Amino acid sequence: MPDIAIVPAPRELVVDDGAWTTADPAVEAVRTVVENLDETEYRIDVTADGARLSAGSEDALRWAETTYRQLLDAAEPAADGQVSVPAVRIADAPRFGWRGIMLDVSRHFLPKDFVLKVVDAVALHRMNVLHLHLTDDQGWRVEIEAYPKLTEVGGWRPESMVGKMSHGQTEFTYDGRRHGGFYTKDDLREIVAYAAERGITIVPEIDLPGHMQAAIAAYPELGNNPDTQLGVRQIWGISDDVLNVNDATVEFVKTVLREVLDIFPGPYIHLGGDECPDVQWRESDAAQKRQAELGLTDASQLQGWFTAQVAEVLIEQNRRLVGWDEMVETDCPKDAVIMAWRSAQRGEVAAKAGHDVVMSPCESVYFDYYQGDPETEPLAIGGFIPLEKVYDFEVVPEGLTEEEQSRIIGTQANVWTEYMEGPDQVGYMLLPRLSAVAERAWGSPKTPYDEFLGRLRPHLKRIEALGLNYRPLD
Ligand code: ACM
């Protein structure tokens with residue numbers, strides 16, 4: 001049996017007797033887009049006479065190519081400098097349309113070249129979404145021409161807290177080092193183009209109306225206490241400083257979003273919506289007046305109103321709103337895609353409410369959680385999600401009707417970077433857990449974990465070849 005290691009595993013792979021012996025199988029394979037396959041389907045047939053890759057679309061042909069390159073790693077040297085490729089039949093198509101990874105480039109800015117390598121890793125696993133969490137309390141990372149201080153001021157913090165933040169902590173020590181950086185529009189357009197060439201959509205996130213302290217530090221008039229000059233946040237956790245709900249702030253955000261939409265041509269724009277405390281709205285005369293004008297019974301309802309106002313920019317350009325699962329509770333548009341993060345059960349609720357849902361529950365696919373013993377692992381936010389737990393993840397929760405199940409459009413793993421300062425740390429937390437989530441996103445047959453490890457061991461060399469760090473297998 002040849003040593004075939006394809007990750008994620010194709011839905012159907014049959015190894016036949018024999019092999020194709022030839023000089024350069026990568027060049028000599030025949031590749032065609034055909035009409036008798038679905039858009040997402042591809043086939044690979046290797047016989048003694050040659051290799052044929054056929055697919056229902058250019059995207060599917062790209063997945064065929066990625067799989068074929070991995071198959072070629074199993075080719076063996078033959079006489080006269082030729083190689084023998086094992087005869088196989090592969091029939092494959094992804095189970096889900098959204099197969100994503102989220103990178104938090106706010107808590108720690110990550111260099112463009114590293115983001116490009118992550119795009120390569122996403123492509124290597126036949127995934128198709130890279131979600132960039134571009135803004136948060138601790139840093140604003142996207143150049144906005146109308147408001148240059150967002151990056152000049154909001155892109156930098158004088159220092160970061162040291163160690164693990166605990167609940168209720170009020171005293172901190174700091175590292176005394178400046179942190180920050182941002183992407184120019186050209187940088188982001190380069191990332192978008194590089195990803196597009198590999199069949200990957202970049203989903204930008206502007207997290208609002210909470211998680212906005214960096215923006216408020218740059219433009220205090222966006223906050224609820226404009227006479228207070230805030231700094232970019234230097235500790236982790238959730239900030240009470242959220243956007244105010246004034247008309248001018250709505251207009252400010254709409255201007256920002258128009259520039260963001262201009263950089264990112266993809267169909268989805270993420271507007272956050274998570275962890276938005278309403279304490280300042282309760283205390284603000286202006287917010288209370290707005291609440292009364294709108295006839296809202298609770299300050300928390302201002303979040304839904306605010307999001308709907310700024311999301312008009314998305315409607316104008318026919319883009320689709322994506323939000324964290326808190327959005328379901330804020331009377332958001334029915335066509336919003338909900339990213340379930342607090343639990344799988346939140347995804348179930350969103351699907352039952354009629355939303356399309358991306359499952360990224362923190363109990364299964366939060367790659368900022370520990371993957372081994374906290375005594376010996378690098379400092380992490382908490383939790384415990386070893387590789388095997390990711391591999392065992394069941395994307396579609398039980399208890400949904402068939403129609404509700406069809407609203408689970410995919411899955412995504414999230415890499416929050418509070419405790420990851422740079423590419424090596426991110427690589428260590430991301431890989432190879434990414435390989436495991438890719439299997440679930442693709443819908444690879446769930447085989448015993450050891451079989452997966454058997455394919456993963458040689459696959460690690462491919463990850464290494466991309467220049468990415470990863471956590472060695474136990
Ligand atoms: C989140 O983890 N706050 C979406």
Side-chain angles (χ1 to χ4, degrees), residues 98 100-108 110 129-141 164-167 203-215 233 235-243 268-279 300 303-304 306-307 321-330 332 336-350 355-371 380-385 389-390 393 395 408-420 426 429-430 433-434 437:
W98 186 301
I101 293 292
M102 185 221 70
L103 262 193
D104 168 12
V105 292
S106 169
R107 270 50 176 272
H108 282 103
L110 295 165
V129 171
L130 179 63
H131 162 182
L132 293 178
H133 182 77
L134 289 166
T135 65
D136 214 304
D137 299 314
Q138 293 83 1
W140 184 282
R141 307 291 175 221
K164 174 78 192 304
M165 181 155 168
S166 49
H167 195 66
V203 176
E205 179 184 355
I206 305 297
D207 197 352
L208 56 85
H211 288 279
M212 269 283 166
Q213 188 174 324
R233 191 169 164 94
I235 58 173
W236 315 126
I238 301 170
S239 172
D240 282 341
D241 285 287
V242 304
L243 295 178
Y268 299 105
I269 306 290
H270 201 306
L271 296 186
D274 59 324
E275 300 174 323
C276 181
D278 53 26
V279 52
S300 62
Q303 180 175 346
F306 185 89
T307 305
L321 171 65
V322 185
W324 299 112
D325 60 50
E326 286 93 331
M327 244 189 219
V328 180
E329 291 143 29
T330 65
C332 67
V337 175
I338 297 300
M339 208 166 255
W341 75 275
R342 287 178 294 176
S343 65
Q345 205 254 333
R346 301 278 182 180
E348 222 175 297
V349 170
H355 291 282
D356 282 351
V357 178
V358 175
M359 297 298 293
S360 52
C362 61
E363 66 268 20
S364 301
V365 285
Y366 260 39
F367 289 179
D368 54 342
Y369 283 23
Y370 281 106
Q371 44 193 333
I381 200 159
F384 181 54
I385 305 186
K389 189 163 180 192
V390 181
F393 173 44
V395 177
I408 307 294
I409 61 170
T411 185
Q412 175 175 293
N414 296 332
V415 186
W416 301 101
T417 58
E418 286 95 330
Y419 298 97
M420 298 170 218
V426 173
M429 298 302 274
L430 175 65
R433 288 190 286 192
L434 182 156
V437 80

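Every number for a ligand or one of its atoms is a count from 1 in the order of the listing. Just so we're clear, the structure is a prediction, and the values are computed from it rather than from any experiment.
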Ionic contact status for Arg342 with Glu329, cut-off 4.0 Å =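 A salt bridge is present here (some side-chain N lies under 4.0 Å from a carboxylate O).
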Contacts of His211 meeting ring-ring contact (aromatic ring centres under 6.0 Å, His included) (sequence neighbours excluded), chain-then-number -> none
Just jot down the side chain to side chain donor-acceptor pair (under 3.5 Å) partners of Asp368, sequence neighbours excluded, or say none.
->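 Once residues adjacent in sequence are excluded, Asp368 has no partner under the side chain to side chain donor-acceptor pair (under 3.5 Å) criterion.
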Applying side chain to side chain donor-acceptor pair (under 3.5 Å), name anything that partners Arg141, two or more places apart in sequence or on another chain.
-> none
Ser239 and Gln213: side-chain donor and acceptor closer than 3.5 Å?
->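 There is such a pair between these side chains.
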Can you find a side-chain donor-acceptor pair between Trp341 and Glu326 that sits under 3.5 Å?
->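 The answer is yes; a qualifying pair exists.
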Contact table ligand 1 N or O to protein N or O, d under 3.5 Å:
from	atom 1	to	atom 2	distance (Å)
ligand 1	2 (O)	Tyr366	OH	2.6
ligand 1	3 (N)	Asp274	OD2	2.7
ligand 1	3 (N)	Glu275	OE1	3.3

